[in-house]
2 protein chains.
Amino acid sequence: MSAVAAEQPGEPSSRDRILDAAEGLFARRGYAGVGLRELADLVGLGKSSLFHHFESKPQLYAAVCARILARISEGVDRSLAAGGSPMERLERVVDDLLDLLAAQPNDARILLRSLFEDDELAGETREELEGREFTARIMSSISALLREGMEAGQFRSVHVPGLLLSLIGQTVFPFASGEFGQEILGKDPFDPSEVKRRKREVRDLLRHGLLAPAGR
Amino acid sequence: MSAVAAEQPGEPSSRDRILDAAEGLFARRGYAGVGLRELADLVGLGKSSLFHHFESKPQLYAAVCARILARISEGVDRSLAAGGSPMERLERVVDDLLDLLAAQPNDARILLRSLFEDDELAGETREELEGREFTARIMSSISALLREGMEAGQFRSVHVPGLLLSLIGQTVFPFASGEFGQEILGKDPFDPSEVKRRKREVRDLLRHGLLAPAGR
DNA sequence: AACGAAGGCGACCGATCGGTCGGTCGCCAT
DNA sequence: ATGGCGACCGACCGATCGGTCGCCTTCGTT
C-alpha cells in the first residue's frame, strides 16, 4: 500500500493531480500518444480510478484544454481591466500572456495541438464547449481592443483577424517549439532573459506595425 | 538499395501513393493517431505491403517529413538564387514559401507537429537525419541573408534567431491553424485572396520592423 | 525455359488500447 | 452497529496496435 499519508488540507485533489499529469503527457505526445495506463501509473492510481473522475479519455482531454483556456482567459480579462490607452492595454495583455505561457510550460503546446486535433475528437462534451467559449471570449476581447484603437485613430488601419493570427504565431509558437526553438535561439525559450527579449520583440512589432504614423 | 534518382511523371508509384496518403493522415491526426491498417486501406493495399516500401512506422513518418522539408529547402534555394538586394531576396523567399505552403495543405501542420513530436520518436533513422539536415540548411540560409542585410546597413540591427521564430509563426502557423484560423479569418486560410493578403502582411512586417530608417 | 527479385496478400502474433465490472476499504452520519 | 458513499482497485473485455511470416503472382534477365 502506498502510504496515503500527509493528507494536508492544502494537498491537491486526485482530480487535480490527474489533470496536471495528463497536461504534461498530452503536451509531450499528443492526444493519441498518451495511454491511460501510463497516466494512471504516473499519478499513482489504478487505471480504472481515472474513470471515477472523468467519463472518458476525450472528456479528460477536453478538461485539460478547458483549464488552460480558463487560465488564459482570466489573465486576459485581468490585463484588460487595468485600463489605459489602447496601446498600453494591448502591450500589457501581450506581456502578461507571455509571462503566463512562460510559467506554464505545457500550455503553448497543448494550445497549438488542440487547434490541429479538434477536427477530429468527435464528442461534443460540456468541457469542449466550455473551451470553445473561452477561446471566443479571448479572441473577441483582443479584437475589440484593436478596433477601439483604430477607431480612436491611434492605430493604423489593419486587418484585425490577420493580425490576430500573426500575434498568436509570435507569442504562442515560440513556447511550443521545443528543442527546435532552443536550437535556433541558443537558449531555452522559457529562460527569463529570452522571455523578456520576446516581450520586446512583440512590442516593437506592434509599435512599428500598428501605431499610427503621427510622430513620424 | 542503389540511389534511385528522380522518376519521370507518369503513374505514381506505390511508394509515392503511400507517402501522399500518409502525409494527409499524419497532418490530420498526428503520428500516434494514424493506424497502418487505415493507411493501407486508403492507399488500396494490404497492410503488410506497406512494409515492402518502409521498414517501420517511424521510418515512414520520417520519410514523409523529409519529403516536405526537401520541397521547402529546394524552394528556398531557388528563391534565393535569383539575386537582388537583401530585402528583395527576403521578400521573395517569404512570398514563395507562402505559395508553397498554400499549395500543399498538409505541409504546415506536419511541420509544426514534427516540432512537437520529435522529442520522442527515438529511432535515429537515415531519413530523420536527412530531415534535420534540410532544416538546418533552410535556417542557416535565411539567417545568413538577414545578417548580410544588417552588415550592409540596409537592415536594422535585430536579434536574428528571434526574428526567425517570429517569421515561422507568421508564415507557417496560419496554414496549420485549421478550423480555428478559418473561423477567425472568416475565410479559408488557403483561399488565394487570403494568401495574397498574408503575403502583404508579412511583407509589411518586414519593411516596418527590419528596414533601416535611411530612406528619409 | 529457368530464375530471382519486387510487389502484394491474408493469416497471425504479442502487446496495448479505452473502457467495464464487481468488489474492497475507510469515513461519516445516522 | 450499520448502512450509504466516494475513492480506489485488479481482473477482464473486445478491438486494434505495429510488425512478421509464408505464399503467390508478375516481370525482366539470362
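Keep in mind that this is a model prediction, so the values were computed, not measured. The chains referred to below are lettered A, B, ... by the order of the sequence lines, with proteins before strands, and numbering in each begins at 1.
Qualifying side chain to side chain donor-acceptor pair (under 3.5 Å) partners for A:Arg89, counting only residues two or more places apart in sequence or in other chains: A:Glu148.
Remark: the B:Ser166 side chain and the A:Arg198 side chain contain an N/O donor-acceptor pair separated by less than 3.5 Å.
Listed by residue number, the members of residues 15-24 of chain A with any heavy atom below 4.0 angstrom from DNA chain C form an empty set.
Residue B:Ser49 has a polar side-chain atom (N or O) positioned under 4.0 Å from OP1 or OP2 of C:dC9. A sub-4.0 Å separation between OP1 or OP2 of C:dA6 and a side-chain N or O of B:His53 is absent.
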Taking protein heavy atoms under 4.0 Å as touching, what does nucleotides 14-27 of chain C look like 5' to 3' if B marks base contact, S marks sugar-phosphate-only contact and - marks none? ---BBBBB------

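A:Ser177 places a side-chain N or O within 3.5 Å of a backbone atom of A:Pro174 that can act as its donor or acceptor partner. Using a distance-only test at 3.5 Å, with no hydrogens or angles considered, a donor-acceptor pair links the side chain of B:Ser141 to the main chain of B:Arg137.
Side-chain rings of A:Tyr31 and A:Tyr61 approach one another, their centers coming within less than 6.0 Å.
At least one side-chain heavy atom of B:Ile168 sits less than 4.5 Å from a side-chain heavy atom of A:Phe173.
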Verdict with reasoning, A:Leu60 to A:Leu39, per side-chain contact (heavy atoms from CB on, under 4.5 Å): CA-CA 11 Å; A:Leu60 166 61; A:Leu39 170 60; 3.5 Å; yes

Evaluation steps, side-chain contact (heavy atoms from CB on, under 4.5 Å), between B:Ile142 and B:Val160: CA-CA 9 Å; B:Ile142 302 184; B:Val160 171; over 6 Å; no

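The separation between B:Leu50 atom CG and C:dA6 atom C1' is 15 Å, rounded to whole Å. Rounded to a whole Å, the CG atom of A:Leu45 is 14 Å from the C1' atom of D:dG10.
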